[in-house]
Enquirer: 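Okay, here's the structure, questions in a sec.
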Amino acid sequence: MNPTAMTKIPHYLQFKDLDAAAYAYLFERAAFIKRKFKAVEKYQPFADPDRTLALIFEKASTRTRVSFEAGMYQMGGSVVHLTTGDSQLGRAEPIEDSARVISRMVDIVMIRTYEQAKIEAFAAHSRVPVINGLTNEFHPCQILADIFTFIEQRGSIQGKVVAWVGDGNNMANTWLQAAELLGFTVHVSTPGGYEVDPVLAGITNPACYKVFKDPREACAGAHLVTTDVWTSMGFEAENEVRRAAFKRWCVDEDMMRVAQPDALFMHCLPAHRGEEVSAEVIDGPQSVVWDEAENRMHVQKALMEYLLLGRLG
Ligand code: CP
Ligand code: NVA
């Protein structure tokens, strides 16, 4: 299964690595795979021959680890789990060498790390597909799950408005890429100094997002309101400064009231109630955060199947 001849290897390092047609396929496929899971029907395309997934974590995780690990086993494959602390990655072995070695022994790799450049370097030296499980810059698997969740609940996201309230971080940058690709608009409100980075995201259509100073204005008329922690992993030293800067960027019931009456609330989790979101909102009737978290597993199973086996069915 481990290809020795180097052909073009499909990686998933940023949301824009796939096109709209591939996403349409993936959302259908994820729904099919989810139905099998809910019906307790075996679906094991990775059983014979057995496929192995390497999970590499340089930052903490609950959802990403469980969703990839459980998903791979459910599909009949195997998993190897590595962290910085228990591998040579933490002892300065070059990422290129790690990629050359690991990718000779497994069929697919997921990495959660710091700089996007690091995962790009790994992928450039990998013989097998590499998936971004979060970098400082992007979190494509999460947005894949979020949009799948939106479609499940409300139908197509095309033409809709997504309000992003808070830090212009990896999640926000990935939302911009998704908006450009799938034809919706992101209303972004961040404190000054924490803006999104459309250049980094490679945005060519500036109409796919609109910036608002006031978070309430960003939420007005939105079909989906979403936020994330004020301080992402790797930025902990800025905690106190950020706590002061982000005070007004808490998604509360007032913000939800100005959105569409049937607006959804999403958060990639983990969440801090009373900081970026009030308990009333995240635990309230418009919140779909638990479905959103579960859907990580279903969409990632579809993604791994697509990267390893191509289009099926
Ligand atoms: N949303 C998300 O990626 O969660 P974890 O950090 O728990 O993996
Ligand atoms: N923006 C957050 C997401 C965690 C899943 C972080 O990078 O820490």
Side-chain angles (χ1 to χ4, degrees), residues 12-15 53-72 79 81-84 109-119 131-150 162 164-178 186 188-191 194-197 200-201 224 226-239 241-243 245-246 249-251 265-273 275-277 282 287-301 303-304:
Y12 192 59
L13 307 180
Q14 302 189 26
F15 197 88
L53 163 70
L55 289 175
I56 303 173
F57 285 97
E58 299 213 279
K59 292 175 177 169
S61 167
T62 296
R63 279 144 290 271
T64 302
R65 178 171 180 187
V66 177
S67 56
F68 270 106
E69 195 158 334
M72 193 61 180
V79 177
H81 180 253
L82 289 161
T83 66
T84 311
V109 177
M110 185 239 71
I111 308 180
R112 166 168 287 196
T113 188
Y114 292 87
E115 297 79 22
Q116 182 72 14
K118 208 164 170 185
I119 196 171
I131 297 174
N132 183 346
L134 181 143
T135 56
N136 290 348
E137 291 88 346
F138 300 112
H139 198 3
C141 290
Q142 184 67 54
I143 303 302
L144 187 61
D146 293 6
I147 295 174
F148 177 69
T149 307
F150 186 90
V162 174
W164 176 266
V165 175
D167 191 16
N169 63 10
N170 41 14
M171 285 289 296
N173 290 329
T174 312
W175 270 114
L176 293 194
Q177 289 194 345
V186 187
V188 184
S189 180
T190 70
Y194 299 96
E195 289 84 3
V196 282
D197 193 338
L200 171 89
L224 166 63
T226 186
T227 185
D228 188 11
V229 290
W230 289 343
T231 305
S232 285
M233 290 181 280
F235 298 85
E236 289 80 0
E238 300 172 14
N239 229 329
V241 180
R242 283 171 171 265
R243 223 190 279 276
F246 281 80
W249 279 263
C250 172
V251 177
F265 172 77
M266 291 190 198
H267 188 310
C268 64
L269 306 175
H272 299 88
R273 289 168 176 78
E275 292 192 9
E276 75 274 7
V277 61
I282 195 168
S287 172
V288 289
V289 297
W290 314 122
D291 287 330
E292 181 189 358
E294 177 190 325
N295 282 337
R296 286 289 301 278
M297 184 173 79
H298 306 304
V299 296
Q300 288 161 194
K301 285 164 88 172
L303 176 67
M304 289 192 288

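Counting starts at 1 for both ligands and their atoms, following the listed order.
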Enquirer: If you round to the nearest 0.5 Å, how far is CE of Met297 from OG1 of Thr64?
Expert: 13.5 Å

Enquirer: Which residue and atom name correspond to the protein heavy atom nearest atom 4 (C) of ligand 2, and how close is it?
Expert: Leu134 CD1, 3.8 Å

Enquirer: Which value, rounded to the nearest 0.5 Å, describes the distance between Leu224 atom CG and Trp164 atom CH2?
Expert: 10.0 Å

Enquirer: Among all protein non-hydrogen atoms, which one is nearest to atom 1 (N) of ligand 2, and what is the separation to 0.1 Å?
Expert: Asp228 OD2, 2.6 Å

Enquirer: Heavy-atom cut-off of under 4.0 Å around ligand 1: list whichever protein residues fall inside it, by chain and number.
Expert: Ser61, Thr62, Arg63, Thr64, Arg112, His139, Gln142, Cys268, Leu269, Arg296

Enquirer: Validate the cation-pi geometry between Arg242 and Phe235: distance from NZ or CZ to the six-membered ring centre under 6.0 Å, angle to the ring axis within 45°.
Expert: yes

Enquirer: Quick one: do the Thr227 and Glu276 side chains pair a donor with an acceptor below 3.5 Å?
Expert: no

Enquirer: Check ligand 2 against Met233 and write out every atom of the ligand that is under 4.0 Å from a heavy-atom position of the residue.
Expert: 6 (C), 7 (O), 8 (O)

Enquirer: Ignoring hydrogens and geometry beyond distance, is a side-chain donor-acceptor pair present between Lys59 and Asn136 at under 3.5 Å?
Expert: yes

Enquirer: For a quick check under 3.5 Å, do Thr84 and Glu58 share a side-chain donor-acceptor pair by atom type?
Expert: yes

Enquirer: For the 3.5 Å polar cut-off, considering only N or O atoms, please tell me whether His139 and ligand 2 meet it.
Expert: no

Enquirer: Could you work out, for atom 7 (O) of ligand 2, the closest of Asn170, Asp167, Asn169, Thr231 by heavy-atom distance?
Expert: Asn170

Enquirer: Polar-atom distance check: Arg112 versus ligand 2, any N or O pair below 3.5 Å?
Expert: no

Enquirer: Is it the side chain, the backbone, both or neither of Leu269 that has a heavy atom closer than 4.0 Å to ligand 2?
Expert: backbone

Enquirer: With no hydrogens and no angle check, just 3.5 Å: does a side-chain donor-acceptor pair link Ser189 and Trp249?
Expert: yes

Enquirer: Would you please say whether a donor-acceptor pair under 3.5 Å links the side chains of Gln116 and Thr135?
Expert: yes

Enquirer: Pairing donors with acceptors under 3.5 angstrom, does anything connect the side chains of Gln177 and Asn173?
Expert: no

